[in-house]
Structures are given as structure tokens and as C-alpha cells.
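Taking it in order: structure first as C-alpha cells, then the write-up.
Protein chains get the first letters and strands the later ones, always in sequence-line order, with residue 1 at the start of each.
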2 protein chains.
Amino acid sequence: MASSRGVRHDSMRARNLAVVLGEIRAAGPLTRAALAELTGLTKTTVSKLVSDLLDAGVVVENGAVRDGERGRPGVAVSLSGHRIATLGLEVNVDYLAACVVDLTRTVRVRRVRPADNRGSRPEAILADLRELAGQAVADAERAGLRITGAALAVPGPVQDGLLRNAPHLGWRDIGVAGQLGLHDLACEVDNEANLAALGELWFGSGQSDFLYVSGEIGIGAGLVVDGSLFRGTYGLAGELGHVVVVPDGPACRCGGRGCLEVYAGQDALLGAVVPMRGRVAALPGAAAALPAASASIDGLVSLLEAGDRAALAAAGQAGEALGLALTSAVHLLDPGTIVLGGVFARLFPWVERPASDVLSARLRQMRRTPPRVAMSAIGADAAVLGAAGLAMQRVLADPAGVLAL
Amino acid sequence: MASSRGVRHDSMRARNLAVVLGEIRAAGPLTRAALAELTGLTKTTVSKLVSDLLDAGVVVENGAVRDGERGRPGVAVSLSGHRIATLGLEVNVDYLAACVVDLTRTVRVRRVRPADNRGSRPEAILADLRELAGQAVADAERAGLRITGAALAVPGPVQDGLLRNAPHLGWRDIGVAGQLGLHDLACEVDNEANLAALGELWFGSGQSDFLYVSGEIGIGAGLVVDGSLFRGTYGLAGELGHVVVVPDGPACRCGGRGCLEVYAGQDALLGAVVPMRGRVAALPGAAAALPAASASIDGLVSLLEAGDRAALAAAGQAGEALGLALTSAVHLLDPGTIVLGGVFARLFPWVERPASDVLSARLRQMRRTPPRVAMSAIGADAAVLGAAGLAMQRVLADPAGVLAL
DNA sequence: GGATTAAGTCCACAATCTGCACATAATCCT
DNA sequence: AGGATTATGTGCAGATTGTGGACTTAATCC
């Protein structure tokens, strides 16, 4: 219920530019005539707007199309990747990353710097990141791109631009964007899971309604409904990792008991398998520690591929627990489909079946078809890419404002 | 990502009318000068817009205000309850209801007709409801009101205007609005829980961020974020009743096991107390049936007031189970506060404490303050009132379109 | 090669908001 | 009291933007 401002002539024009640009983005190359049809504006107006967009280098004409019968062929316009681009950044536990993405969703620059950021001082890490960002921007500018915005993914909940609590970095209440200090470049900050969901939206399978499950060291999720992110009241929605799976299960670092993270977090997967009552415990040996080879997710995948029994049990249990948490999530959030990312994408062959089975068994009566559980189409870069995508959303939502048209 | 239409002159005006009207609604009586300040429009424009709103009977001038220092006093305008009103309707298991609400949120007409709609034929019930609606509209018209829209609350999930499944009515896939057949009056249909949440928003404690928990025969919830309802992808969000509380608990009618409804639904409260592992079962006698006096919620309240042990245990357990489900809901939905309505409002004194205790124990590390658990300020009419409120939202969102300004 | 069809542009016109001037109505100050 | 001051609300010319129909352009059809 934020008090909204009135519409003036310039905002009318700004809005129409955004509408036209949005239609070009959504429906591929389009002629001016088709745009007039789609937007309800007249051909005259569309012509003028498109002309401005061409001047700004946001769109290009790609030659005549004679898609149909007789009559003068139209000239299709589509997004241009030559001028406008945005910067995505990420701080995570063991690396820093930056990328530059153009309007056509092509990744133009990608830089990753391994680092051990556990328990680090924010100032030092953010100085490193600023340097990395500077390199990425320089690369992009050499390619003739203009960076119009940036966003930063961090491994923890963000409220009002403040990183509340990143347990694995040991950071609390850090005004990240301010300390990063990108000169002249607005930089939004958001949760890794939220931005990874936007990554899936922009660079993934092309759906616009899904719940992205981000299994990194913690487990988070980002819900996309009709192409936009649901953030909840304080921006803290989607904490799938702490959904209750077993009410009197083992303690979780969040203060609760039997959260999803206890059963399907990285610690649980990498050896510290916690039996869910009467299930895994019944499989002899499953509750024991896994062989040493599973000290990393790579190791675990090798064990699973080799058919190691304890590893299979661990993955199966994680899948079941995930299915239980997703059942609650489906009832509460009503996602279109479910996309497993991060660790769960790597473990997909072993995790998907148990999770789907739990989900469909429990949802059978309530929905004719339970949401499909799919694997994320993009890999570990989801969050950085999504950060660039978020910055790009700003351009598309208000090209006039961002580009000073 | 619905393809959006361009802005033309008339839509600019329509939007500005809505902006001005919205500001008057949100910030009480306001002078034209204050409106100009708030909306960013000029005094001239505001004057013209307000003049149209006065002509339409949507707002009234309420005399000069000399709120401050020197200078000519302004004339404040505020919403008028004299002309515009909307109709709220509800079909529920044991009654039909209709109400008429004016722009100032005053309930002008209220009609309830007890009925036993279990396993009934939709045609018959909806014909009764049409009659009731007709009476309410006639009452309103006698009072000089003009009904500009309607909405209908039904006890089950609604998708694309179709009532999917109302287990207690025995209805499946009913195009309710069509069968109701209100001539010339657009009628939206939505879930009882969603509309009760809007009821709380419009007629309750004045907050605009909360999760309304609707404990009727089933348990549902409606999330309001910044004054608007979150519906999920298919309009099925908020099914709190089937959030998993105990993964291997007793079977629920939804096909799942250990859902919240099993522990805190009306059946559970009225005698069929199902022990949650190792908790209630430990209280001797709690798992047994309650005395016969508890065949209704009224009876249960009497027992609780009399200090009946089994009843107290049942309410306490329901509260705990509710707390567990709400924990998951808070992590996923991030509501501002939690408002208990329906049965849980009546049982508030016995249910709130255990629910809050579970919630704060489990959220302690993740949030500085867990969401407050409050009692709904409005009673059993929440859903009908909310239905009228939804119809009113349409008027406020587009006064020009609805009132043909 | 002329008729037909459709895309894109040009130009006069219409809708809406802006900015400033001005009338109005109160308080403040002498 | 009466004039100065201050702020509200309205009238009028002007600016911005979209509209609608006529016109030009470029293709296919016959």
C-alpha cells in the first residue's frame, strides 16, 4: 500500500517505452505493426518509441521479414546485445564471482576467484570483490558495452539492503552494498537463493513459475510467480532449509529441531547422516559415517556412481526429507514447478525419485497433478547470473529512467 | 509476465483518479493541496480529478479545515458512504450469507440464512443464495446505494473461477459464479481463507502485512503482503491445514499423513484427539474421547472454561501443532504478523500460548523477533466481509472503469 | 505491368497535465 | 480595524504525448 505517485506525461512515455521493450523481449523479434497490435498503441506511437529505443542502442533492426502473404514486409526489431549490459556479483564461502551479461542474455564476461572466506572480515573480502568487479567492468567496456546496473548475491538473508546473518562467513548486519562502494553504479543486494531463482528464470529452461531450491551449504529457495520473485514481508521468504520435517528431530543451528537442513544439508550428506525415525536407522550401516572419500560433494557423487550403500542411503534420505519439506512448501506457496539447483542438481539422479514419490503420494488428493520436479538447467553460476538478471530487470522495467532516454 | 497494454491518455487519467482516490482512502480526509503534495500532481490537476470524484459521489467535501497556521483553510475531502457499495456473499457448510458494505467500510446490510449444505446439489444452494443476494441488494437500493460489484467466498480452493473441491459440500469443479447468475453484476469467487484475510485487512486491526489463519472445518490461511493477497501460481497458496507436522503421523483426508488438520482440525478438537508422538500421549487420559458436551465448538469452549483436563490437553496439542505448522509457514512465507481467526480466534486463550511458544523457540536464532500471534478482530463474518472488500478493491483500483467516469 | 495488400511515416488534432497568474479566505501585526 | 502575510483553490495559455486518417513504400498476385 505504498503511496503511489501520479502519472504525468513523461511517465506515460516511460511506461510505454517499457511496454514496447518488454514485448520485444518476451515475444522475440517483432515488427512495428505487430508491436502496435500487441500493445494496443497505434503504429505511429510505436514507430516513435521504437525509434528512441534504436537510438539508445537497446534494440536493433534485423532486416525484413516476409512471414506471410502479400503486402509490404515489416522490419523486425529485437534486443541488441551490443550496447547495454549489467554486472552480477557474488560473495560465497569459497569463492568470489563476477559476470557481465548483455540484453540478449549472453554472458560476456565471467570471472571467478577462489577464496576461503570463512570467518573473514567483510572489508577485506569486499575490497577483493571490488577489484574483481572492476576487472569485469573493464573487460566489458573494452568490448564496447555500457554497464547500467549491478546486483550482488550473498549467502544469507537480506533485509533493507543489510545482510542480516551469513553464518558461514561469520558476518552479521553488514551494509554490503555501501562497503563495496561501486562508484556511480547502483548495486542491489539479495539472498543467494533468490538470485539463483532469477538466474534460472533468465538463463534456465524458460519457465516463469517455479520454486528454485538452492542447495548450497544451507538450503534456501526462491519462488518465482509469473516472472517475478516473491520476497515476503521482510524479504525473508523461502527459507526452505528450516521447514519442519520431524518435530522432535535433532537440533539445528537455527535453534529449531528436525529442520530440513538437518537431514539434507551438506553436513548431513557428507557423512553425518542423521536417521529420521525408523527409516534410515533400519537400514544397517546407513547411520554410520560415510567413507572418507565423501568429504566433498564430488566425493559423494563418486561414491553414489560406484553404488556405495551408505551414500545411496544418505542421498535417499535427503530426498525423502526434501520431499516432505516440499510438500509443505507446495501447500503454502503453490509453485508452478520445482527446480532443484545447487547440490541437489548434482545429486538429482539419486534425490529426485524419493522426493517426487513423497510429494506425489502426499498431494494426490489435493491436486490432479503434483508439481513436476526438474533439474536446474544452469550450474553453479546460478546466483551470479541471476544477480546480473536482476539488474537487467531494472533496465527492462524502466528503460527511460536507466538510460536517460 | 502477462503482456501489458500501452498507456493512452484515458488510462493516464484513469490511473490518476485511482491514485487520488487511493490516497484519500489511505490517509483519511485530505485537502486538494495535501493531495497534490502526496501524489506529485499539480493542484490544478488534483482539483479537476477531485471534481470528477465528487460528481460520481465517491467522495464528499467535509468542510473547511484550518489545521495549522495562517492562510486560507483547505476543504478536506473524504470517502463517501452514500452512493457506492459492494456485495459480499458466502456459501458455507451450514449457512449462506450476504452483506453490503459501503466505501467507508460500514456494513449496511447483513443477511445470514442457516442451511445444511452438506452433500447438497450446487444448483439448489446457489438458487437460494441468489435469492438472498437479491434481498440484500434490494435493501441496499432502498438506502440509496448503488452496488458496483460482488464477490463470493466458498469453502475450498478456487482456480480460474472454478471451485475445485469443497469436501464438506461434496462439490467438485463447479463454475460457481456462472451458476449463481447475478445479472449485470461481475462476481469474483475465491477461497474462504483468502477472503477472510481480506476481511481482516478491511475490517480488522488495520495492519497490511499478516498471515490470517482461518480455522473453519478445514484449516486454511491467506497471506497479505503490503495490502495485497498472495495467491501463488494457481491460486492455491495458503493451504496451511496440510502442512506436514509429523511425517509419519495418522492419515489425513488429503492423502498425506500427519498434516496440521489431523491435530488441530475441528474433528481433532471435538474429541478425536490424535496423540502426537510422545507428547499428549504422555498426559494420561488426553488421548481418550472428550465428554459429549464437546460436540460443538461452543461445547468445547464451555469445557475449557470449566477447566476440563481432556479439553485443555486437546486445545494445547492443537496449539502446539499449529505452532509447528506456523514455523514452516513463517520460514516460507515471511508474514508480518499472524492473525488467528475462525475457531482459533474462539480458542485463542488456550491455543495462542502453546503456538507462540513453539514458534519463538524455533525461530529464535533466525529472527530477532518472531512474528506476533494475534487474535482476529472480526468474528465469523470475516469471509463475507472480505468478499465485499475484494469487490471494493476493484472500485478503488479503477474508479473510472467501474463507475464510467 | 497494374491491382492488391500490408508496413511504416507524416501531419493536423485531441487529451491530459503543467506552470503561472489570480481570486479567495484565513491569521498576524501594528 | 485595517493592511500584510500566507496558503488554498481555480482559470488560462502552453507543453507533451498519443490518435486517426492520408500517404508513401515495398512486397505478392494475376
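Using a 4.0 Å cut-off between charged nitrogen and carboxylate oxygen, B:Arg13 and B:Asp10 do not count as a salt-bridge pair.
Atom P of nucleotide D:dG18 and atom CG of A:Leu35 are separated by 14 Å, given to the nearest angstrom. Atom-to-atom, NE2 of A:His9 to C1' of D:dT17 comes out at 6 Å; the value is rounded to the nearest Å. A straight line from CG of A:Leu41 to P of C:dG8 spans 15 Å, rounded to a whole angstrom. As rounded to whole Å, 10 Å separates atom C1' of D:dG9 from atom CD of B:Glu61. Per the geometry, NZ belonging to B:Lys48 stands 13 Å off C1' belonging to D:dG9, to the nearest Å. One interatomic measurement links the two molecules: CD of A:Glu37 to C1' of C:dA6, which rounds to 13 Å at whole-angstrom precision. For A:Leu49 and D:dT17, the CG to P distance is 10 Å, given to the nearest whole Å. Computed from coordinates, the A:Met12 CE to C:dT18 C1' distance equals 13 Å when rounded to whole Å.
For the pair A:Thr45 and D:dG18, the criterion of a side-chain N or O lying under 4.0 Å from OP1 or OP2 is not met. Between A:Ser47 and C:dT9 there is a side-chain polar atom (N or O) within less than 4.0 angstrom of OP1 or OP2. For C:dT18, the OP1/OP2 oxygens have a side-chain nitrogen or oxygen of A:Arg8 closer than 4.0 Å. Between B:Arg32 and D:dT10 there is a side-chain polar atom (N or O) within less than 4.0 angstrom of OP1 or OP2. Put simply, A:Asn16 has a side-chain N or O that comes within less than 4.0 Å of OP1 or OP2 on D:dG18.
Counting any heavy atom pair closer than 4.0 Å across all strands shown, A:Thr31 reaches sugar-phosphate atoms only and no base atom. Using a 4.0 Å heavy-atom distance criterion, B:Val46 is classed as making no nucleic acid contact.
Residues B:Leu180 and B:Cys187 are in side-chain contact: their nearest non-hydrogen atoms beyond the backbone lie under 4.5 Å apart. Looking at heavy atoms from C-beta onward, B:Val50 lies in side-chain contact with B:Leu35 at the 4.5 angstrom threshold.
Between the side chain of A:Thr44 and the base of D:dG20 there is at least one donor-acceptor pair of N/O atoms closer than 3.5 Å. One can find a donor-acceptor pair under 3.5 Å joining the base of C:dA7 and the side-chain atoms of A:Arg72.
A distance-only check finds a donor-acceptor pair linking the side chain of A:Asp102 to the backbone of A:Thr104 [under 3.5 Å].
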Q | Stepwise side chain to side chain contact (heavy atoms under 4.5 Å, CB included) check, A:Leu53 with A:Val20 | A | CA-CA 9 Å; A:Leu53 293 173; A:Val20 168; 3.9 Å; yes

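Of the candidate nucleotides C:dA7, D:dT8, D:dG20, D:dT8 has the atom lying nearest to any side-chain atom of B:Lys43.
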